[in-house]
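A short write-up of the structure that comes next.
Letters A, B, ... mirror the listed sequences (proteins, then strands); counts begin at 1. None of these values were measured; they are calculated from a predicted model.
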Amino acid sequence: MERTELEKIRLEKIEQMRSEGIDPYPLRSHVTHRNQEAITAFEAHEQSGNEEPLTATVAGRIRAMRLMGKVAFFHIEDGSGRIQLFFRVNEIGPEGLQVLKDLFDNGDYIEAQGTLFRTKTGEISVHVQSFRMLSKAVTPLPAAKDEVVDGQVVRHATLNDPETRYRQRYADLAVNPEVREIFRVRAKTIQAIRKFLDDMDFLEVETPILQPIYGGAAARPFVTFHNQLKQELFLRISFELYLKRLIVGGFDRVYEIGRDFRNEGVSYKHNPEFTQIEFYMAYADYHTVMEITEKMVSFVCDQILGTRILNFRGHTIDVNPPWRRLELRQGLIDVTGIDINEHSDSTSLEAAMKAKGYPFKPGSPRGKLIDTLIGDYLEPSLVQPTFLYDYPRDISPLAKSKPDDPGTVERFEGFIAGMELCNAFSELNDPLDQEQRFLEMGTDFTSDDEEQHPMDEDYLRAMSYGMPPMGGFGMGVDRLVMLLTNQQTIREVLLFPHLRKLEE
RNA sequence: GGGCGCGUAGCUCAAUGGUAGAGCAGUGGCCUUUUAAGCCAUUGGUUCAGGGUUCGAGUCCCUGCGCGCUCACCA
């Protein structure tokens, strides 16, 4: 392995430690407090008026070293936070100070035992009696220095290059606390969703990621192969068809939180693998699901932010229920002047779009044209939370038609900040209609169309056993986390976003 | 995949086509309550890779690689 000059110096220090009988990587640590616990314990100790010294053994990564001749101040950091160590020649001796100076570096892990006290400036610190190396770092962290201004930590010249940050996320996380915070919010978001659904008596389940037939969404799959079974398999593009099989099985309310894989382009809101939450609820319809959606997002905001007002890309977004309900047809009339009900086939709609100068892909089915209009003109305008509802049947093969309008299905998508957040419908439960839809997908879309939904005979059989009316829902968790953390790109809310492979 | 931009020390960034620099980090020294500690000294470069133009290239041109933005794609 290539080593830099800085690394070689540290490797020499490891050699020196070994020659002096100091283990640079001891097996165990014996902490009594996490850093924040030590601080809290000392505050309580002060309050109690107890004059006895309070001792603690703490540990963490060295984040700042200030050696000042016969004293030294370190800041160490563990998962709970930072605490200051105060070393004095009086306690650790000149040899101890020499070891600190010669063998310890920023980034090393140290264990220190001593009594808690406040320094002249009032900072709770450990007056170190003894210390030892817990783990010697060979590669220096890319950190610079932190300055505290009015209680806010200001980092100077810290790791900033996005490529390095994503490729070496460990280093990014180690030196950029606000990045760690994003992933704490992410974890809490998923916890909150889980609690919300558990409290409604939903059952959390896990369904196959490797699937012989993919479906439930319009997307191109990743393909893989099982060697022993000699079987082509697809990584799932949605959970939908398996979750609805479970409703047939008698679980009234099920949900899954997990990874979907779509073999498509990457963008600020698309990653090849992303986290989805889907739930299915028997005896509900898409109106019920709209209400659950706005309540769930509000609940998540309450739990994480303590407010239902989000700041995102300069917008102030209010997620309080009820969200605006906008009929797709009306929404398109508003922004494009085209009434899709006046254009019952693709030829007519193409003509109308051409007359208005709207771009489109010639020969697209009617539903795809409508989808183009939504994406280009309607979606960007939906900043405040909005349910866009009643979609064309031909781009919604798993949703139930409206009784009085067979060309339209009971489906909605939720938009926030001009971004699609979720998708839901009153689920199609008529096996004969479903079979017809699958067949239509085979004729309306050309065979090379990546969005063609494959026939799933087993799913039809499940539905044939009898499927209750139900509402279903899917939401991109990454996008919700983007909203909650005001991040402009999905890569910032993924620990290890997909990057191109580097040539070695 | 197309267009535009970027790639310089460990990190953050400079450098009219004319000697590759600064701050921090590192190294050596001074310093017994500091907190971006301070002061003095000092090391560190295949300027992403490869080719070309030129007396001379970090800088201009071409190719490749990677990243960013954007368009296309993406219910």
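No close placement of the A:Y391 and A:F425 rings is indicated, their centers lying 6.0 Å or farther apart. Residues A:F104 and A:F131 place their aromatic rings such that the two centres sit under 6.0 Å apart.
Not one N or O on the side chain of A:Q36 forms a donor-acceptor pair closer than 3.5 Å with the backbone of A:G81. No donor-acceptor pair closer than 3.5 Å links the side chain of A:N35 to the backbone N or O of A:S80.
Residue A:T158 is classed as a sugar-phosphate contact, given heavy-atom separations below 4.0 Å to backbone atoms only. Heavy atoms of A:I374 sit nowhere under 4.0 angstrom from any nucleic acid atom. Contacts of A:G216 with the nucleic acid, taken as non-hydrogen atoms under 4.0 Å apart, include base atoms.
When the side-chain nitrogen and oxygen atoms of A:R66 are compared with OP1 and OP2 of B:A37, one or more of them lie within a distance under 4.0 Å. For B:G26, neither phosphate oxygen OP1 nor OP2 lies less than 4.0 angstrom from any side-chain nitrogen or oxygen of A:K101. Within the 4.0 Å cut-off from OP1 or OP2 of B:C69, at least one side-chain nitrogen or oxygen of A:R491 is found. Taking 4.0 angstrom as the limit, A:K8 places none of its side-chain polar atoms (N or O) nearer than this to OP1 or OP2 of B:G26. Between A:N160 and B:C13, a side-chain N or O to OP1/OP2 separation shorter than 4.0 Å is present. Between A:K145 and B:A25, a side-chain N or O to OP1/OP2 separation shorter than 4.0 Å is present. OP1 or OP2 of B:G26 has not a single side-chain nitrogen or oxygen of A:R10 nearer than 4.0 Å.
Nucleotide B:U27 holds its C1' atom 16 Å from the CD atom of A:E7, rounded to whole Å. Between the OH atom of A:Y268 and the P atom of B:A72 there is a distance of 11 Å, rounded to whole Å. Atoms NZ (A:K501) and C1' (B:G64) sit 16 Å apart, rounded to a whole Å. A straight line from CZ of A:F496 to P of B:C67 spans 16 Å, rounded to a whole angstrom. One atom, CZ of A:R220, and another, C1' of B:G1, lie 12 Å apart when rounded to the nearest Å. Whole-Å rounding puts the A:F74 CZ to B:A36 C1' distance at 17 Å. Between the C1' atom of B:U12 and the CG atom of A:L141 lies a distance of 15 Å, rounded to the nearest Å. One can place CD of A:E163 at 16 Å from P of B:C6, the figure rounded to the nearest angstrom.
Considering only heavy atoms from C-beta on, A:R3 comes within 4.5 Å of A:T139 through its side chain.
For A:E123 and B:U33, a side-chain-to-base donor-acceptor distance below 3.5 Å is absent, hydrogens and geometry of angles not being considered. With hydrogens and angles left out, the side chain of A:N90 and the base of B:U32 share a donor-acceptor pair within 3.5 Å.
When both distances must be under 3.5 Å, the Watson-Crick or G-U wobble mate of B:G26 is B:U42. Searching all strands for a Watson-Crick or G-U wobble partner of B:G1 with both distances below 3.5 Å returns B:C71. Remark: B:U19 base-pairs with no nucleotide in the shown strands. Criterion, Watson-Crick or G-U wobble with two distances under 3.5 Å. Pairing of B:G66, defined by two Watson-Crick or G-U wobble distances under 3.5 Å, is identified with B:C6.
Listed candidates were B:G68, B:G26, B:C11. Nearest to the side chain of A:P162 is B:G68. Distance from the side chain of A:N106 is smallest to B:A25 among B:A25, B:G68, B:U12. Relative to the side chain of A:H156, the nucleotides B:A36, B:U34, B:C67 differ in distance, and B:A36 lies closest. Minimum atom distance to the side chain of A:T119 is reached by B:U33, of the listed B:G26, B:U32, B:U33. The listed nucleotides are B:C67, B:G26, B:U12; the one nearest the side chain of A:R500 is B:C67. Closest to the side chain of A:R167, from the set B:G66, B:G26, B:U32, is B:G66. Of the candidate nucleotides B:U32, B:U27, B:U12, B:U27 has the atom lying nearest to any side-chain atom of A:I9. Comparing B:G66, B:U33, B:U12 by their closest approach to the side chain of A:K120 singles out B:U33. Residue A:F86 has its side chain nearest to B:U33 when only B:U33, B:U32, B:G68 are considered.
Across B:G66 and B:G23, the matching C1' atoms stand 27 Å from one another, rounded to whole Å. Nucleotides B:A9 and B:G26, compared at atom C1', are 11 Å apart to the nearest Å. When the P atom is compared between B:U16 and B:G2, the two are found 32 Å apart, to the nearest whole Å. Nucleotides B:C62 and B:C39 place their P atoms 47 Å apart, quoted to the nearest Å. For the C1' atoms, the distance from B:U27 to B:A49 is 32 Å, rounded to whole Å. On the P atoms, B:C24 is 8 Å away from B:G38, given to the nearest whole Å. Taking atom P on both nucleotides, B:C65 is separated from B:G28 by 44 Å, rounded to a whole Å. One C1' atom belongs to B:C67, the other to B:U8, and the distance between them is 16 Å to the nearest Å.
Mapping A:H498 and A:S125 onto RNA chain B by nearest heavy atom places A:S125 closer to the 5' end of the strand. Remark on RNA chain B: of its neighbouring residues A:R88 and A:D105, the 5'-side contact belongs to A:D105, judged by nearest-heavy-atom nucleotide.
Between A:F412 and A:F387, the two ring planes are perpendicular [angle over 60°; tilted spans 30° to 60°].
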Quiz prompt | Stepwise salt bridge (charged side-chain N to carboxylate O under 4.0 Å, His left out) test for A:R10 and A:E7 | solution = CA-CA 5 Å; A:R10 291 182 175 208; A:E7 289 172 326; over 6 Å; no

Quiz item: When you look at A:D105 and A:K136, which way does the salt bridge (charged side-chain N to carboxylate O under 4.0 Å, His left out) test go after all the steps?
Solution: CA-CA 8 Å; A:D105 287 296; A:K136 180 74 193 163; 2.6 Å; yes

Exercise. Before giving the answer on side chain to side chain donor-acceptor pair (under 3.5 Å), spell out for A:N423 and A:R411 the whole-Å C-alpha distance, their side-chain angles and the decisive distance to 0.1 Å.
Key: CA-CA 8 Å; A:N423 181 26; A:R411 169 181 172 186; 3.1 Å; yes

